[in-house]
Enquirer: 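Handing you a structure now.
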Amino acid sequence: MKKKIFSGVQPTGNLHLGNYLGAIKNFVDLNNDTQNECIFCVVDLHAITVSQNPKQLKSNIYETVATFVASGIDPQKSTIFNQSQVSAHSEVAWILSCVARMGWLNRMTQFKEKAGKDKEKASIGLYSYPVLMAADILLYDTTHVPVGEDQKQHLELCRDVAQKFNNDFEVKDFFKAPEPLIKKEFSRIMSFKDGLKKMSKSEVSDLSRINLTDDKDQIINKIKKAKTDTLPLPSKIEELEKRPEAKNLIGIYSSLTNNTFQKTIDEFAGKNFSEFKNNLSDVVVNEINPISLKIKELLEDKDFLKKILKDGNEKANEIASKKVKEIHKIVGF
Ligand code: TYM
């Protein structure tokens with residue numbers, strides 16, 4: 001049986017090395033396997049859970065599509081589409097929000113982090129965001145969802161929502177509970193300023209992340225300035241547990257060279273960071289620079305990007321609207 005893959009990325013700008021290693025690189029591998037049917041969504045409805053500048057949002061939507069294609073997703077093989085253009089997502093999110101329980105959402109750690117101290121002022125959308133995510137996934141009978149570690153809890157909620165809907169309406173197996181695909185070792189790339197914080201689009205300092213649009217000099221400079229400790233590189237994996245910055249950089253190097261942590265450690269044990277960082281810069285530039293150049297080239301051809309979305313929106317609409325009809329019947333509309 002074909003695997004049905006679905007994943008989404010928010011068009012909130014500053015797509016970075018964490019998004020790439022935690023998610024987009026896996027999308028590309030899954031896209032290249034003919035056994036898979038892949039759908040990748042630009043989740044603009046999720047983006048507006050925090051305030052967005054409309055002009056900027058539009059340009060970020062195109063940039064996200066360009067990033068998918070520049071990274072190696074083939075729009076002929078995979079469906080790339082725009083969440084807001086398939087109204088089933090908003091509609092089914094509402095229906096599922098009548099199935100999901102407050103208690104489940106209250107446990108979501110990402111809401112707590114994003115809402116910060118003043119929860120009362122967070123949007124209702126930010127709170128119910130994982131329910132929209134469940135709708136995204138369940139509309140396409142998804143079997144597998146490639147994501148970074150930070151989305152794991154949302155996927156567990158999606159599985160709970162699917163099961164409760166099936167139980168409440170006595171429709172065994174109507175919604176399929178999806179499996180997360182998380183590349184364990186590289187699923188949480190950390191900030192270059194603080195090895196205990198996730199690399200993030202919204203961190204104020206641009207030096208905290210490598211953006212997928214950064215040029216060669218920017219990449220080299222950011223790696224040079226990345227926080228490390230004063231010790232040479234360790235010779236044992238266990239030593240990394242107390243050295244989060246070293247662990248992060250070694251992880252990035254291992255991921256991009258397709259090596260295990262141990263192999264990287266064997267290669268650099270006892271060497272100083274300046275030598276390691278030169279090697280790291282080479283592999284990051286090799287991987288990211290062609291993507292960044294391609295993104296810029298694709299952004300010059302808006303018609304091409306619009307066509308990808310138009311075709312993708314049509315395909316997604318076709319699948320999703322069939323599912324919505326079945327949902328209507330089940331619910332009694
Ligand atoms: P978003 O846009 O925040 O992130 C996109 C993907 O990148 C991963 N990611 C990371 N991986 C490793 N290290 C990091 N520092 C890092 N930062 C981000 C995320 O885990 C994600 O896979 N809610 C989702 C989008 C979404 C979605 C969906 C995903 C909406 N509907 C349905 C899967 C299925 C989000 O905000 O991702």
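Order of listing sets the numbers, starting from 1, for every ligand and every atom in it.
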Enquirer: Indicate yes or no: at least one non-hydrogen side-chain atom of K193 is less than 4.5 angstrom from one of K225.
Expert: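 K193 vs K225: side chains apart.
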Enquirer: Tell me the protein heavy atom at minimum distance from atom 28 (C) of ligand 1, and give that distance in Å.
Expert: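 Looking only at protein heavy atoms, the one closest to atom 28 (C) of ligand 1 is M133 CG, 3.3 Å.
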Enquirer: Would you indicate whether K152, at its atom NZ, is surrounded by more than 12 heavy atoms from other residues, nucleotides or ligands within a distance under 6.0 Å?
Expert: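 Incorrect, the count does not exceed 12.
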Enquirer: Would you say ligand 1 has an N or O under 3.5 Å from any N or O of G148?
Expert: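 Looking only at distances, the answer is yes, because the N/O contact criterion of under 3.5 Å is met.
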Enquirer: In this structure, does ligand 1 have an atom that sits under 4.0 Å from one of the heavy atoms of M190?
Expert: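 So M190 does not count as touching ligand 1.
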Enquirer: Is there a heavy atom of H154 sitting under 4.0 angstrom from any atom of ligand 1?
Expert: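 Judged by the 4.0 Å heavy-atom criterion, H154 does not count as contacting ligand 1.
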Enquirer: Which pairs with one or both residues in residues 321-333 pass salt bridge (Lys or Arg N to Asp or Glu O under 4.0 Å), sequence neighbours excluded?
Expert: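 Those involving residues 321-333 are D141-K323.
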Enquirer: Show the atoms of ligand 1 that are less than 4.0 angstrom away from any heavy atom in Q10.
Expert: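 Those qualifying, in numeric order: 2 (O), 35 (C), 36 (O).
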Enquirer: Atom NZ of K263 and atom OG1 of T260: how far apart are they, to the nearest 0.5 Å?
Expert: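 Output value for this atom pair is 7.5 Å.
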Enquirer: Provide, to 0.1 Å, the distance between atom 3 (O) of ligand 1 and the closest protein heavy atom, together with that atom's residue and name.
Expert: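 Of the protein heavy atoms, K201 NZ, 3.9 Å lies nearest.
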Enquirer: Ignoring angles and geometry beyond distance, decide whether G18 reaches within less than 3.5 Å of ligand 1 through its nitrogen or oxygen atoms.
Expert: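 In this structure, G18 places an N or O atom under 3.5 Å from an N or O of ligand 1.
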Enquirer: Quick test: of every protein heavy atom, which one is nearest to atom 19 (C) of ligand 1, and how far off is it to 0.1 Å?
Expert: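 Here the closest protein heavy atom is D150 OD1, 3.3 Å.
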Enquirer: With heavy atoms of S7 as the reference, note each atom of ligand 1 found under 4.0 Å away.
Expert: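 Those qualifying, in numeric order: 29 (C), 33 (C), 34 (C).
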Enquirer: Taking only heavy atoms of I137, which atoms of ligand 1 are found under 4.0 Å from at least one of them?
Expert: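 Reading through ligand 1 atom by atom, the close ones are 32 (C), 34 (C).
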Enquirer: Could you check whether D311 pairs with K307 (Lys NZ or Arg NE/NH1/NH2 to Asp/Glu carboxylate O, under 4.0 Å)?
Expert: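 Yes, charged N to carboxylate O under 4.0 Å.
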Enquirer: Using side-chain hydrogen bond (donor to acceptor under 3.5 Å, both in side chains), reason through Y253 and N259 one step at a time and then give a plain yes or no.
Expert: CA-CA 8 Å; Y253 184 87; N259 277 333; 5.7 Å; no
Enquirer: Starting from atom 17 (N) of ligand 1, which protein heavy atom do you reach first, and at what distance in Å?
Expert: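 Result for atom 17 (N) of ligand 1: H16 CE1, 3.6 Å.
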Enquirer: Going by side-chain hydrogen bond (donor to acceptor under 3.5 Å, both in side chains), K201 matches just one of N60, T12, N211. Which one?
Expert: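 That would be T12; it is the only one of N60, T12, N211 passing the side-chain hydrogen bond (donor to acceptor under 3.5 Å, both in side chains) with K201.
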Enquirer: Measure the distance from atom 37 (O) of ligand 1 to every protein heavy atom, then report the residue, atom name and distance (to 0.1 Å) of the closest one.
Expert: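 Closest protein heavy atom to atom 37 (O) of ligand 1: Q151 NE2, 3.9 Å.
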Enquirer: Run the salt-bridge test on R209 and D206 with the 4.0 Å N-O cut-off and return the result as yes or no.
Expert: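 Salt bridge present between R209 and D206.
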Enquirer: Salt bridge or not for K294 and E297, using N-O below 4.0 Å?
Expert: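 So K294 pairs with E297 through a salt bridge.
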Enquirer: Check each heavy atom of V147 against ligand 1 and say whether those closer than 4.0 Å belong to the side chain, the backbone, both or neither.
Expert: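 For V147, the contact with ligand 1 is made by both the backbone and the side chain.
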Enquirer: Do the charged groups of R188 and D150 touch, with an N to O distance under 4.0 Å?
Expert: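 Answer for the salt bridge query: no.
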Enquirer: Between C41 and ligand 1, which residue portion shows a heavy-atom distance shorter than 4.0 Å: side chain, backbone, both, or neither?
Expert: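 The answer is neither.
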Enquirer: Going by distance only, is there an N or O of M199 that falls short of 3.5 Å from an N or O of ligand 1?
Expert: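 Right, the criterion is met.
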Enquirer: Taking 4.0 angstrom as the limit, do K198 and E203 come out as a salt bridge?
Expert: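 No salt bridge links K198 with E203.
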Enquirer: Using a strict 4.0 Å cut-off to heavy atoms of A23, name the atoms of ligand 1 that fall inside it.
Expert: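 The atoms of ligand 1 under 4.0 Å from a heavy atom of A23 are 6 (C), 7 (O), 22 (O).
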Enquirer: Which residue and non-hydrogen atom of the protein lie closest to atom 29 (C) of ligand 1, and at what distance in Å?
Expert: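 Of every protein heavy atom, G8 N, 3.4 Å lies nearest to atom 29 (C) of ligand 1.
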Enquirer: Could you report the tightest heavy-atom contact between S7 and P146, atom names first, then the distance?
Expert: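 Minimum heavy-atom separation between S7 and P146: OG-O, 2.8 Å.
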Enquirer: Within a distance under 4.0 Å of any heavy atom of G22, pick out the atoms of ligand 1 and give their elements.
Expert: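 Ligand 1 atoms under the 4.0 Å threshold to G22: 11 (N), 12 (C).
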Enquirer: Please list the nearest protein heavy atom to atom 4 (O) of ligand 1 with its residue and the distance rounded to 0.1 Å.
Expert: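 It is N19 ND2, 3.4 Å.
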Enquirer: Just which atoms of ligand 1 are under 4.0 Å from any heavy atom in Y129?
Expert: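 Taking each heavy atom of Y129 in turn, ligand 1 has 23 (N), 24 (C), 35 (C), 36 (O) under 4.0 Å.
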Enquirer: Which of the atoms in ligand 1, numbered in the order shown and given with their element, are less than 4.0 Å from a heavy-atom of V145?
Expert: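 Reading through ligand 1 atom by atom, the close ones are 33 (C), 34 (C).
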Enquirer: For a 4.5 angstrom cut-off between non-hydrogen side-chain atoms, does I252 reach F192?
Expert: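 A side-chain contact under 4.5 Å exists here.
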Enquirer: Among F6, F175, F40, exactly one meets ring pair (Phe, Tyr, Trp, His ring centres under 6.0 Å) together with Y140. Which residue is that?
Expert: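 That would be F6; it is the only one of F6, F175, F40 passing the ring pair (Phe, Tyr, Trp, His ring centres under 6.0 Å) with Y140.
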Enquirer: Between ligand 1 and Q110, is the shortest N or O to N or O distance under 3.5 Å?
Expert: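 Between Q110 and ligand 1, no N or O pair is found under 3.5 Å apart.
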Enquirer: Which of the atoms of ligand 1 are close to I189, meaning less than 4.0 Å from one of its heavy atoms?
Expert: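 What qualifies from ligand 1 is 12 (C), 13 (N), 14 (C), 15 (N).
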Enquirer: Write out the residue and atom name of the closest protein heavy atom to atom 31 (N) of ligand 1, then the distance separating them to 0.1 Å.
Expert: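 The answer is D136 OD2, 2.7 Å.
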